[in-house]
Amino acid sequence: FNGNEVLFLNRRFSRSSRDSNHLGGSPTCALEADHAARLDEEHTTSEDGSFVHPFEKEGPEVQTIYYEGGKTISKRMHRLATHPKHHEGVSSRALGKHGDYESSQSYLDSLINYVWPSYGQSSYKLADMTNLYNLSYLGEIYVGTASQSFLVIWDTGSGSFLCRSTYCDGCPSATRKFNYASSTTWVKQSPQTEKTVTYMDGTQLKGYYGTDRVCPTSSDNSCADNFKFTAIHTATGLRDYEDGIIGLWSGNTLNSLYDDATMFMPKMTADSTITQKVFSWYMTGQSGKSYIDFGAPNTAVYSSPSSLFWIDILSDDYWWTNRVTGVRWSSGVPDTSTEYKYSSKKGLTDTGSSCLIGPKAEVDYFKNTILNTISGVTSHSGWGTQFDCSDANIATLPTFELLFGGYWFEVKPEDYIIEFNSSTKKCSVCFSGYSTIDYWILGDAFMRGLYSIHDYDNLRMGFVPFVGSTKKVPVKATTTPTTTPPVVALNLDTTIFGLTVGEFLIIAVLVVIIVGIVVLLFLFCYA
């Protein structure tokens, strides 16, 4: 690492460029224009090079959206680089068993479990995840026999598991790799089948299909046995601290061409002791501890049992989706009574994206309204805007709500403000709007503070604030918004050579004074 900025991946960065002031380069980002943000393109070839298994969807072909100068925007907003002092103390933690769910296993338990595999534990907890500055959440996964642990992105916005492996001769030697030769249960697919996944930020992962045990905890009873995944042999763009990506999409409306054997939750449910095909995200900010429950949701974390509500996901795509249809303000602006309508567009809840992304005009309304309440906002080549973190008073900044699936979801300042430079204490807002997309990606900025339940059997999502969350319970809409939001222009401070007018004038005055003193000394000495 070098430099001191956390890089937010968006269309302003070029993957080929490198800036000594930024860490790890600056990858481009991209979104697809089909069905609420498909994350990747996949294709598979057999050993003889023939085309075996395309990833297809009903409807329009997937396409990358290109912007000015050939730059693209990103679905995977979580990819970032960090300053070393940020990185200190940030390490993966071993996955453990949830104390409320699991007791020690006696000989009788073992015997019963042999006869009745679903006996016993109904839920497993992925232990505290690594939260990288509210931009990325990574947790360990266990692969093979004996198990090997890896730090991966648990992503509701994609559908496959790809893990860096010892097939990857070009991967950095310091990175962790799945040693297939050391696993007694690894079976490479025959004939040899290669899978390629190209993520829309430019990251490309290639590897060989195979099967092995894959577990979300160190407990053998939590495993998906003979699970089909990709052992990476070539990785472009995967960060050293990312050992892979595991997708947790809904798999709704899978067509016959997609291999549903690569879906983790259904396979884990079939092979482990859990009986509910459910996982639940407990997502906090940096001061808390985030994790995932697999199996029965943990009702003990609900702020109130009666506060849990369910939203059915849409049936015509693969994601955890419903529709975004409106916006309103909770606090921080003069008008908190008007509900503004948005044209009904699909929204994908996505743990693999850091920010809230949507159609430009609709995002610009709340983004510009918020930025206009902050003093000293200037442009930034990467984040779009920047301001001194001290000028962003979390207690007084506006809170807004999005109407998603018929409920008003709160988005608070602590969710959307990101400090991206620790040295200069510069912040920005975690929003991006694009004129060429007609859907929403509701990333971590939307999901923080909630216990979000993903139910495969009933194809629905449940939401409830957890105990200690500052978010209020989402409220069911009783009326349909009819007012069109106004156009809000962004008021940026004028900059000169990257400095605000005030900063430039101060420096200019100091330069004049110094030059004047030098001239006077020169005249005095040589008079």
Nearest heavy-atom pair of F227 and T262: which atoms, and what distance? CZ-O, 3.2 Å
Do W310 and N458 come within less than 4.5 Å of each other through their side chains, counting heavy atoms only? no
Heavy-atom check, side chain of I245 versus side chain of S158, under 4.5 Å: yes
When you compare the side chains of D212 and S183, does any donor N or O come within less than 3.5 Å of an acceptor on the partner? yes
Contacts of type side chain to side chain contact (heavy atoms under 4.5 Å, CB included), residue T484, not counting sequence neighbours: K341
Would you indicate whether the side-chain heavy atoms of K195 and K206 approach each other to under 4.5 Å? no
Under 3.5 Å, is there a donor-acceptor pair between the side chain of S165 and the main chain of Y167? yes
Atom of L238, atom of T203 and distance for their closest heavy-atom approach: N-CG2, 4.1 Å
State whether E362 and K367 are salt-bridged, where the test is any N-O pair (Lys NZ or Arg NE/NH1/NH2 against Asp/Glu carboxylate O) under 4.0 Å. no
Those residues at least two apart in sequence (or on a different chain) that pass disulfide bond (SG atoms under 2.5 Å apart) with C163 are none
Taking the six-membered ring for Trp, are Y302 and Y451 parallel (under 30°), tilted (30 to 60°) or perpendicular (over 60°)? tilted
Quick test of your reading of the model: are R328 and E339 salt-bridged, counting only N-O distances below 4.0 Å? yes
Checking F400 against Y416 for the side-chain contact (heavy atoms from CB on, under 4.5 Å) test, could you report, in this order, the C-alpha distance in whole Å, the side-chain angles of both residues, the deciding distance, and whether it holds? CA-CA 11 Å; F400 67 96; Y416 63 72; 4.2 Å; yes
Side-chain donor-acceptor contact under 3.5 Å, E414 with T470: yes
Under 4.0 Å between a Lys/Arg side-chain N and an Asp/Glu carboxylate O for D271 and R213? no
Please name the residue in the list F264, Y208, F161 that meets the ring pair (Phe, Tyr, Trp, His ring centres under 6.0 Å) test with F229. F161
For Y291, does the six-membered ring have the charged nitrogen or CZ of K125 within the cation-pi criterion, i.e. under 6.0 angstrom from the centroid and within 45° of the normal? yes
Does any donor atom in the side chain of Y137 or R448 lie under 3.5 Å from an acceptor atom in the other side chain? yes
When you compare the side chains of K360 and Y434, does any donor N or O come within less than 3.5 Å of an acceptor on the partner? no
With no hydrogens and no angle check, just 3.5 Å: does a side-chain donor-acceptor pair link T145 and T185? yes
Check the side chains of T217 and S222 for a donor-acceptor pair under 3.5 angstrom, ignoring hydrogens and angles. yes
For the student: nearest non-hydrogen atoms of F178 and G144, plus distance: CE1-CA, 4.3 Å
Would a 4.5 Å heavy-atom cut-off, applied to side chains only, mark L397 and I417 as touching? yes
Would you call V473 and S304 a side-chain contact if the rule is heavy atoms closer than 4.5 Å? no
Using side-chain contact (heavy atoms from CB on, under 4.5 Å), reason through W440 and F446 one step at a time and then give a plain yes or no. CA-CA 11 Å; W440 293 81; F446 179 85; over 6 Å; no
Residues D457, K277: salt bridge by 4.0 Å N-O rule: yes
In terms of relative ring orientation, are W186 and Y180 parallel, tilted or perpendicular, with 30° and 60° separating the classes? tilted
Less than 4.5 Å apart, side chain to side chain, heavy atoms only: is that true for Y342 and L402? yes
Can D438 and K346 be counted as an ion pair, charged N to O under 4.0 angstrom? no
Residue pair Q148, Y142: steps toward the side-chain contact (heavy atoms from CB on, under 4.5 Å) verdict: CA-CA 5 Å; Q148 305 168 39; Y142 293 81; over 6 Å; no
If every non-hydrogen atom of D350 is compared with every non-hydrogen atom of M447, which pair is closest and at what distance? N-SD, 3.8 Å
Would you check if F466 and L450 make a side-chain contact, meaning some heavy-atom pair closer than 4.5 Å? no
Can you list every salt bridge (charged side-chain N to carboxylate O under 4.0 Å, His left out) pair that touches residues 298-308, not counting sequence neighbours? none
side-chain contact (heavy atoms from CB on, under 4.5 Å) assessment of W319 paired with T156: CA-CA 8 Å; W319 316 103; T156 59; over 6 Å; no
Side chains of Q204 and T236 only: does a donor on one sit below 3.5 Å from an acceptor on the other? no
Quick one, F463 and K471 - any side-chain contact, counting heavy atoms below 4.5 Å? no
Where do K345 and Y439 land on the side-chain hydrogen bond (donor to acceptor under 3.5 Å, both in side chains) test, with the steps shown first? CA-CA 5 Å; K345 294 182 175 64; Y439 50 84; over 6 Å; no
Give a yes or no on whether the backbone of N252 and the side-chain of S250 come within a donor-acceptor separation of less than 3.5 Å. yes
Return the orientation label for the F294 and F279 ring planes: parallel under 30°, perpendicular over 60°, tilted otherwise. tilted
Distance-minimising heavy-atom pair for P398 and P413: O-CG, 3.6 Å
Checking Y456 against W320 for the ring-ring contact (aromatic ring centres under 6.0 Å, His included) test, could you report, in this order, the C-alpha distance in whole Å, the side-chain angles of both residues, the deciding distance, and whether it holds? CA-CA 10 Å; Y456 283 80; W320 300 99; 5.2 Å; yes
Side-chain donor or acceptor of S272 paired with backbone N/O of M268 under 3.5 Å: yes
Nearest non-hydrogen partners of S149 and E140, listed with the distance: CB-OE1, 3.0 Å
Report yes or no: do T338 and T483 form a side-chain donor-acceptor pair below 3.5 Å? no
Side chains of Y124 and T273, donor plus acceptor under 3.5 Å: yes
